[in-house]
Asker: 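Structure incoming, see below.
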Amino acid sequence: MVVLAFALLSLFFMRPAHASLSIATWNMEWLSDKNDMIQSKRTKDDYLMLRTVSSVINADLIAFQEVDSVDVLAKVLDINEYNIYFSDRKARFKRSRGSGQFTGWAVRKGISVIDHPDYKPLGLPTFLSDGNLRYGAYIEVEREGKPSLHLLSIHLKSGCFETPVRRNNSCKKLDRQIEALSVWINTRTKLNEEFVVAGDFNHYLNDKNEWVWKALIKKVGEENVVNMTQNTKSKCKARKYNYRTKRWEHVVYRKLIDHIIASPGAIDVEIPPKTKQYQYSYHAVATYRLTDHCPILVEM
């Protein structure tokens, strides 16, 4: 059954011959084998289906979020095909017995990578700590005949999907993270460096009344950044655990919170990039413990 799903979905996600790099972002929802979270308890069949999804996507670079370790990531990705670059934040919690939610990159072997230090300001550091939110996992890759790409995998503060900034504490923290992100983007722009930011923004950037994207382009200039997922349709079927009822619920997410944004120079103007959302089937969601995020893929 898993093999059949692979065969059918491969027809939709066949990569065009002109694509130089394909970039995906995927929040893997408590991907951990420590079994301390209800969401992380997956069987061998669950992992096999997740591995099928990754094979169908077949991205050159995957910005991942909510991954605890290389060992568990190897159950989803073929580590013989990818080099893994975890957020530096992972080293801070190496002795932790609990599952971690770390960002990072999986990069197809053969692609030249510079592993830069994390962009820690996204963690909202203080004088007393490095901050308790997730850092941006920062790498740089070379492209043949093109400028190198500076890439940031992010997982921003949850709890402010569409609420105005002043309404709650989560929105205030998200606002500060957007300020930090704008500094990173402005630095890339001043240095004439092409960039891609991919990950879980935890906000509906494509809503008319949203404020995060508006705040970002106000700080970096509308001409300096492109929302690659602006016209991407969302119909992400998933299961969500309800802590109140202690039951799994079937949901369909029709608004994106996972996004890919880029500098205009990172995009091939002759062949406009196409961004797609991989959508799990109803059968797959009902049968397997997958994730509550559907991967997003763009061909650069």
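Residues take their numbers from the sequence shown, with the count starting at 1.
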Asker: Flag yes if more than 12 heavy atoms outside Lys233 fall under 6.0 Å of its NZ atom; otherwise flag no.
Answerer: no
Asker: Is there a side-chain contact between Tyr282 and His250 (heavy atoms, below 4.5 Å)?
Answerer: no
Asker: Short question: side chain of Arg188, backbone of Val196 - any donor-acceptor pair under 3.5 Å?
Answerer: no
Asker: Let me confirm one number: the CZ-CD1 distance from Phe201 to Ile261, rounded to the nearest 0.5 Å.
Answerer: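 Going from the CZ atom of Phe201 to the CD1 atom of Ile261 covers 4.0 Å.
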Asker: Considering all heavy atoms of both residues, which atom of Thr291 and which atom of Arg42 are nearest to each other, and what is their separation?
Answerer: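 Taking Thr291 first and Arg42 second, the nearest heavy atoms are CG2-NH2, 4.1 Å.
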Asker: Hey, does the side chain of Ser148 reach the backbone of Glu142 with a donor-acceptor pair shorter than 3.5 angstrom?
Answerer: no
Asker: For Tyr82, does its backbone N or O pair with a side-chain atom of Arg108 as donor and acceptor, under 3.5 Å?
Answerer: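 A pair under 3.5 Å: no.
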Asker: Rounded to the nearest 0.5 Å, how far apart are OH of Tyr85 and OG of Ser153?
Answerer: 14.0 Å
Asker: Measure the spacing between CG of Leu73 and CZ of Phe64 and express it to the nearest 0.5 Å.
Answerer: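 It is 5.5 Å, given to the nearest 0.5 Å.
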Asker: Is there a donor-acceptor contact under 3.5 Å from the side chain of Ser22 to the main chain of Asp60?
Answerer: yes
Asker: Within the 4.5 Å heavy-atom criterion, are Val53 and Leu290 side-chain neighbours or not?
Answerer: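 A side-chain contact is absent here, since even the closest heavy-atom pair is not under 4.5 Å.
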Asker: Any chance the side chains of Thr232 and Gln277 put a donor and an acceptor closer than 3.5 Å?
Answerer: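 Side chains of Thr232 and Gln277: no pair found under 3.5 Å.
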Asker: Quick one: closest heavy-atom pair of Ser263 and Glu194, and the distance?
Answerer: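 Minimum heavy-atom contact is OG-OE1, 2.7 Å.
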Asker: Within the 4.5 Å heavy-atom criterion, are Gln279 and Lys237 side-chain neighbours or not?
Answerer: yes
Asker: Consider side chain to side chain contact (heavy atoms under 4.5 Å, CB included). Of Asp36, Asp46, Asn35, which one does Lys41 pass it with?
Answerer: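 Only one option passes, and that is Asn35.
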Asker: Going by salt bridge (Lys or Arg N to Asp or Glu O under 4.0 Å), name the pairs with one or both residues in residues 215-224, residues two or more places apart or in two chains.
Answerer: Glu179-Lys219
Asker: Which Ile, Leu, Val, Met, Phe, Trp or Tyr residues join Trp248 in one cluster when any pair of side-chain heavy atoms under 4.5 Å counts as a link?
Answerer: Trp30, Met37, Ile38, Tyr241, Tyr243
Asker: Show the nearest heavy-atom pair for residues Trp105 and Ile139, with the distance to one decimal.
Answerer: CG-CD1, 3.5 Å
Asker: So, the side chain of Asp207 versus the backbone of Asn209: is there a donor-acceptor pair under 3.5 Å, distance only?
Answerer: no
Asker: Measure the spacing between CG of Asp258 and CG of Asn27 and express it to the nearest 0.5 Å.
Answerer: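 One finds 6.0 Å between CG of Asp258 and CG of Asn27.
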Asker: Would you say the side chain of Gln65 lies within less than 4.5 Å of the side chain of Met28, judging by non-hydrogen atoms?
Answerer: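 Result no, sub-4.5 Å side-chain heavy-atom pair not found.
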Asker: With a 3.5 Å distance limit and no angle check, can you tell me whether Arg89 reaches the backbone of Phe102 through a side-chain donor-acceptor pair?
Answerer: no
Asker: Should the heavy atoms of other residues, nucleotides or ligands under 6.0 Å from NZ of Lys172 be counted, would the total exceed 12?
Answerer: no
Asker: So do the side chains of Val183 and Pro121 get within less than 4.5 Å of each other, counting heavy atoms only?
Answerer: no
Asker: Kindly indicate, with the supporting measurements, whether the criterion side chain to side chain contact (heavy atoms under 4.5 Å, CB included) is fulfilled by Thr229 and Leu205.
Answerer: CA-CA 9 Å; Thr229 48; Leu205 293 188; 5.6 Å; no
Asker: After noting the C-alpha distance and the side-chain angles of Glu29 and Arg289, does the key distance pass the salt bridge (Lys or Arg N to Asp or Glu O under 4.0 Å) rule?
Answerer: CA-CA 10 Å; Glu29 191 191 11; Arg289 171 84 274 278; 2.9 Å; yes
Asker: Using the rule that Ile, Leu, Val, Met, Phe, Trp and Tyr join whenever any side-chain heavy atoms are under 4.5 Å apart, tell me whether Ile257 and Ile296 fall into a single cluster.
Answerer: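 No.
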Asker: Does NZ belonging to Lys274 count more than 12 external heavy atoms closer than 6.0 Å?
Answerer: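 Atom NZ in Lys274 is not crowded, with 12 or fewer foreign heavy atoms closer than 6.0 Å.
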Asker: To check you understand the geometry: which heavy-atom pair defines the closest contact between Trp213 and Val226, and what is its length?
Answerer: CH2-C, 3.9 Å
Asker: Are side-chain heavy atoms of Tyr288 and Thr52 found at a separation under 4.5 Å?
Answerer: no
Asker: Please check if the side chain of Thr103 supplies one atom and the backbone of Gly136 the other of a donor-acceptor pair under 3.5 Å.
Answerer: no
Asker: Does any N or O in the side chain of Tyr253 come within less than 3.5 Å of the main-chain N or O of Asp292, such that one atom is a donor and the other an acceptor?
Answerer: no
Asker: Give the C-alpha distance, both sets of side-chain angles, the deciding distance and a yes or no for salt bridge (Lys or Arg N to Asp or Glu O under 4.0 Å) between Glu81 and Lys109.
Answerer: CA-CA 6 Å; Glu81 293 187 7; Lys109 291 185 176 181; over 6 Å; no
Asker: Between Asp118 and Ser87, do the side chains contain a donor N or O and an acceptor N or O under 3.5 Å apart?
Answerer: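 Side-chain D/A pair, Ser87 to Asp118: present.
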Asker: Which donor-acceptor pairs under 3.5 Å do side chains of residues 154-164 form with protein atoms, sequence neighbours excluded?
Answerer:
from: His155; atom 1: ND1; to: Arg134; atom 2: NE; distance (Å): 2.9
from: His155; atom 1: NE2; to: Asp200; atom 2: OD2; distance (Å): 3.2
from: Lys157; atom 1: NZ; to: Ser170; atom 2: OG; distance (Å): 3.4

Asker: Give the minimum heavy-atom separation between Ser54 and Leu77, together with the two atoms involved.
Answerer: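 Looking at all heavy atoms of both residues, the shortest contact is CB-CD2, 3.5 Å.
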Asker: I need the Ile57 CD1 to Ile23 CD1 distance, nearest 0.5 Å.
Answerer: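 Those atoms lie 13.5 Å apart.
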Asker: Is there side-chain contact between Asn206 and Lys255, with heavy atoms separated by less than 4.5 Å?
Answerer: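 They are not in contact (no side-chain heavy atoms under 4.5 Å apart), so the answer is no.
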Asker: Has Glu249 got a side-chain atom pairing as donor or acceptor with Arg247's backbone, closer than 3.5 angstrom?
Answerer: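 Answer holds: no.
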Asker: Quick one: does Trp26's side chain have a donor or acceptor within less than 3.5 Å of a partner on Ile62's backbone?
Answerer: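 Pair absent, no side-chain N/O of Trp26 close to backbone of Ile62.
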Asker: Taking the six-membered ring for Trp, are the ring centroids of Trp211 and His203 within less than 6.0 Å of each other?
Answerer: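 Yes, ring centres under 6.0 Å apart.
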Asker: Quick one: CG on Asp88 to OH on Tyr138, what's the gap to the nearest 0.5 Å?
Answerer: 13.0 Å
Asker: Please walk me through it: do Tyr135 and Phe86 pass ring pair (Phe, Tyr, Trp, His ring centres under 6.0 Å)?
Answerer: CA-CA 10 Å; Tyr135 306 156; Phe86 263 96; over 10 Å; no
Asker: Give me the atom names and distance for the closest heavy-atom approach of Met49 to Ala284.
Answerer: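 Nearest heavy atoms, Met49 then Ala284: CE-CB, 4.0 Å.
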Asker: Would a single hydrophobic cluster contain both Phe195 and Ile114, if residues Ile, Leu, Val, Met, Phe, Trp and Tyr are joined by side-chain heavy-atom contacts under 4.5 Å?
Answerer: no
Asker: Would you mind reporting whether Tyr47 and Leu31 have side-chain heavy atoms less than 4.5 Å apart?
Answerer: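 They are in contact (side-chain heavy atoms under 4.5 Å apart), so the answer is yes.
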Asker: Kindly state whether the ring of Tyr278 and the ring of Tyr280 have centres lying under 6.0 angstrom apart.
Answerer: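 Between Tyr280 and Tyr278, which both carry aromatic rings, the centre distance is below 6.0 Å.
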